[in-house]
Amino acid sequence: MIKPGEYIKDILAMKPGASINARGWVKTRRDSKGIHFLQVNDGSGFQDLQVVVEDGIVPEEILTRITTGACIKAVGDLIESPAAGQAVELRANEIILIGDADPTSYPLQKKGHSMEFLREIAHLRARSNTFGAVCRVRNALSDAIHRFFQGRGFLYIHTPLLTASDCEGAGAMFRVTTLPLNGAPPNDDSKGPDADSAEDFFGKPAYLTVSGQLEAECLALALGNVYTFGPTFRAENSNTPRHLAEFWMVEPEMAFCDLNDDMELAEEFLKFIIRYVRERREDDLQFFNKRIDSTILANLDNVCEAPFGRITYTEAIEWLQKADRAWEYPPFWGTDLQSEHERYLTEELFKKPIIVTDYPKEIKAFYMRLNDDGKTVRAMDVLVPRIGEIIGGSQREERYNELSSAMRLQGLDVESYSWYLDLRRYGTVPHAGFGLGLERMLMYLTGMKNIRDVIPFPRTPGSIEF
RNA sequence: UCCCCGUUAGCUCAACGGCAGAGCAUUCGGCUGUUAACCGAAGGGUUGGUAGUUCGAAUCUACCACGGGGAGCCA
C-alpha cells in the first residue's frame, strides 16, 4: 500500500537527494541511446513522475515489457532534472515490473482519445489524464460538501434508498421486487395496481428513491440542520448529456428557515465548494481549462465574486417577453422555463448565476409553501450559465391544512403520506431545503460536456456495462 | 420518447456509384536527455447488421442495432 509521503504527488514536492521508491502505472516510455524515460502516475496528482532508466539497470527482457499501461515499482534517487518539463525526476537504481500490459492490445495510447471511446473502456479510463482529473475533482468536491455543512453544524444523515413512497413529484421510479416477473414488463400496471405486492418482500410496492427530501424533513424537524449526500435513481427515459439514471445528490434541510435563508445558504454553498476545489485541485482545473473548456476558470471566479442575481418567476417571464428574439417556446405566465429561456437569463441577460423564485404552484411539487397570493409557491431554482438549473429548492409547506389540500389537489394518496403530515401536526416549524446534483456541479467545475464522463460508471437508459 | 447527424484498420478520420486510403498506435530498424520526441519500413479491413436497387454499393433505398447533438422530463 502507498503510505502518506510515498505518493507521487509527495515525491514531486521533495527536494533532490531523497532516496525513494515510487509505484504506479506507466503512461509513456521514450527511449534514447543508453537511456529510457518513463512517465509514471499513481493517481495522486495530475503531474507524472519521470523515471530515468540507464542501460544496464534493468535486464533487456524486462525493459521491453515496461510499456504504456504496465504497473511498476521504481527505486532510486530523486535528482534535479537537467531538462525542462519537470523540476525533479527519479534516477532508477532498480525497476520491478509488477504487472505488464501487452502493448498490442492495451487500448489506451499516449495520444488523446475521444470521450466516446473512453466510455467504452470505462474500466481503464481512470488511467487517462482526463478521467484521472475528473476522479480527483469529484473527490475534492465531495470533501468540500462535507466541510461546508460540517462547518455549520449540520448533521450528515442517511436516508433510505429503498422506499415505498411512489410519487414524490420527481419522476419515474425503479420498481424493486423479489417476485418473479412472469414475463410481464416490470412497470406494467395493466393487471391492476400492485396485484401481487402483498406477496412481495416488503408486503407492498417498493422502489429506489428519487430523493431523500421527505425523510430529511423528518430529521430536520428533530435535529435542526441536516443534509443527505447519496445516490438517487430516476427511471426517466432521458437521453441527454445532462441526465443519469443513477446520480448523486446533496440535500440540506433546515428547520427555522425560510426561502431567503435557503437562498443565502445555496449561494454561500456554491461559492464555498468552488473555492475549496479551486484551492485543492488547481493542477487538474488548469488541465480542464487548457484541454476541455478554456472558459471554466474565468467563469468559476466570476461565480465566486459577484452576488447572484435574484428575480421572481413573474419577473423572469416579463424579461423573456421583452427580449427581442424568436422563442421556440414563447414564454407566458404559467409555463415552466425552457432550456432556451434559462440560457438567455443566465448567459445573456445577467451573465452570471441567478436565483428564480416564486413559481406558479401548478408547475411545482406539492410540498412547496403556498404564497399569500394563492397562485405561487416559495420555490427557488439556481440557474448557472452553460448548465441551467444546478440547484432546486423551496421553503416547505409547514401548515397542515394547506399541505393536505395541496396533496389532494395533485392527486396524491394522503393516507400513505400520513407520516409526512404528522410533521405538521406535531411541533411544525417553517423549514426549507434544496438539492444539488453532484454530477451537474462536476460538469460546471470541469467543463466536461457529457454527464457520463463525470461519474466512473454511468447508468443511462439501455446502458449498464461495467 | 421526438427531431437531426453519424457508424470504414486498435484510435481519429478520408474516399461520396467504378482497384480500400492517411495520420497516430503496434512490430522491426535508425537517431537523439527525451517531454503527446523524431526518421524509415512492415503488418493490420466481412466498410455496424439484414434485405433491396444496380453490370458494379463503403457510397443509393428500407428496416434494425449502436453512438453523438438538440428537445422534452429533470438534478
Side-chain angles (χ1 to χ4, degrees), chain A residues 27-39 47-55 64 67-69 79-86 89 91 101-121 128-130 168-172 210-213 231-251 291 327-329 335-343 363-365 381-384 387-393 434-444 449-455 460-463 465:
Chain A
K27 277 234 178 93
T28 76
R29 183 179 110 196
R30 293 179 293 272
D31 299 309
S32 288
K33 191 147 222 137
I35 192 165
H36 314 273
F37 302 93
L38 312 176
Q39 269 185 256
Q47 206 191 333
D48 305 317
L49 175 67
Q50 174 158 284
V51 177
V52 183
V53 187
E54 287 172 25
D55 266 353
T64 56
T67 53
T68 301
I79 60 167
E80 198 173 322
S81 182
Q86 58 282 317
E89 61 190 24
R91 186 170 58 200
D102 178 6
T104 62
S105 62
Y106 186 66
L108 280 167
Q109 307 167 8
K110 50 188 154 191
K111 244 189 164 168
H113 292 287
S114 67
M115 292 302 150
E116 292 79 16
F117 174 70
L118 288 174
R119 221 172 284 150
E120 291 171 12
I121 50 164
S128 68
N129 283 336
T130 304
E168 296 173 10
V210 295
S211 162
Q213 183 201 312
T232 48
F233 308 88
R234 303 280 168 90
E236 298 286 355
N237 190 10
S238 295
N239 294 285
T240 84
R242 301 179 305 282
H243 290 86
L244 291 166
E246 177 183 296
F247 64 99
W248 285 65
M249 193 153 63
V250 182
E251 293 175 288
R291 288 292 176 91
W327 300 110
E328 192 184 342
Y329 296 89
T335 60
D336 213 345
L337 298 181
Q338 303 295 313
S339 293
E340 56 175 340
H341 304 147
E342 295 181 350
R343 279 220 189 88
I363 59 173
K364 288 291 181 185
D381 286 352
V382 180
L383 311 179
V384 296
I387 304 289
E389 182 185 340
I390 199 164
I391 280 180
F434 62 79
L436 169 92
L438 186 78
E439 287 78 13
R440 292 260 176 99
M441 188 65 211
L442 271 169
M443 292 172 77
Y444 195 61
K449 302 285 183 294
N450 194 311
I451 200 166
R452 297 171 180 90
D453 301 322
V454 294
I455 187 168
T460 52
S463 174
E465 293 304 308

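Small disclaimer: the values here were computed from a predicted structure and weren't measured. Each chain gets a letter, A, B and so on, in the order the sequences are listed, and its residues count up from 1.
At whole-Å resolution of the value, CG in A:Asn239 and P in B:rC2 are 10 Å apart. In this structure, A:Phe117 places its CZ atom 18 Å from P of B:rU7, rounding to the nearest Å. Atoms CG (A:Leu337) and C1' (B:rC74) sit 13 Å apart, rounded to a whole Å. Here the P atom of nucleotide B:rU26 and the NE2 atom of A:His113 are 10 Å apart, to the nearest Å.
As rounded to the nearest Å, B:rG52 and B:rC66 have C1' atoms that lie 22 Å from one another. Only the P atoms considered, B:rA22 is 11 Å distant from B:rA41, to the nearest whole Å. To the nearest whole angstrom, the two C1' atoms, one in B:rC24 and one in B:rA42, are 16 Å apart. Atom C1' of B:rA9 sits at a distance of 6 Å from the matching atom of B:rG44, rounded to the whole Å.
Both distances falling under 3.5 Å, in either a Watson-Crick or a G-U wobble arrangement, occur for no nucleotide opposite B:rG43. Under the Watson-Crick or G-U wobble criterion, with both distances below 3.5 Å, B:rA51 is paired with B:rU61. Pairing partner, B:rA15: none, since no Watson-Crick or wobble contact has both distances short of 3.5 Å. Using N1 to N3 plus N6-O4 or O6-N4 for Watson-Crick, or N1-O2 and O6-N3 for G-U wobble, each under 3.5 Å, B:rU35 pairs with nothing. For B:rG6, the paired nucleotide is B:rC66, the pair qualifying as Watson-Crick or G-U wobble because both relevant distances are below 3.5 Å. Pairing for B:rC74 is absent, judged as Watson-Crick or G-U wobble with the two contacts each under 3.5 Å.
To the nearest 0.5 angstrom, A:Asp381 atom CG is 7.5 Å from A:Asp336 atom CG.
Nucleic acid contact class of A:Glu328 (heavy atoms, under 4.0 Å, all strands): none. A:Gln50 comes within 4.0 angstrom of a base, heavy atoms only. Across all strands, A:Glu251 comes closer than 4.0 Å to no nucleic acid atom at all (heavy-atom distances). Residue A:Tyr106 is classed as having no contact, given no heavy-atom separation below 4.0 Å to the nucleic acid. Here A:Ser339 lies in heavy-atom contact (under 4.0 Å) with sugar-phosphate atoms only. Across all strands, A:Ser114 comes closer than 4.0 Å only to sugar-phosphate atoms, never to a base (heavy-atom distances).
Within a 6.0 Å radius of CZ in A:Arg91, other residues, nucleotides and ligands contribute 12 heavy atoms or fewer.
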Under-3.5 Å N/O pairs linking protein and nucleotides 38-43 of chain B:
none

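Checking B:rU35, B:rG68, B:rU32 against the side-chain heavy atoms of A:Arg119 singles out B:rG68 as nearest. In the set B:rA37, B:rC73, B:rU32, B:rC73 carries the atom at the smallest distance from any side-chain atom of A:Arg242.
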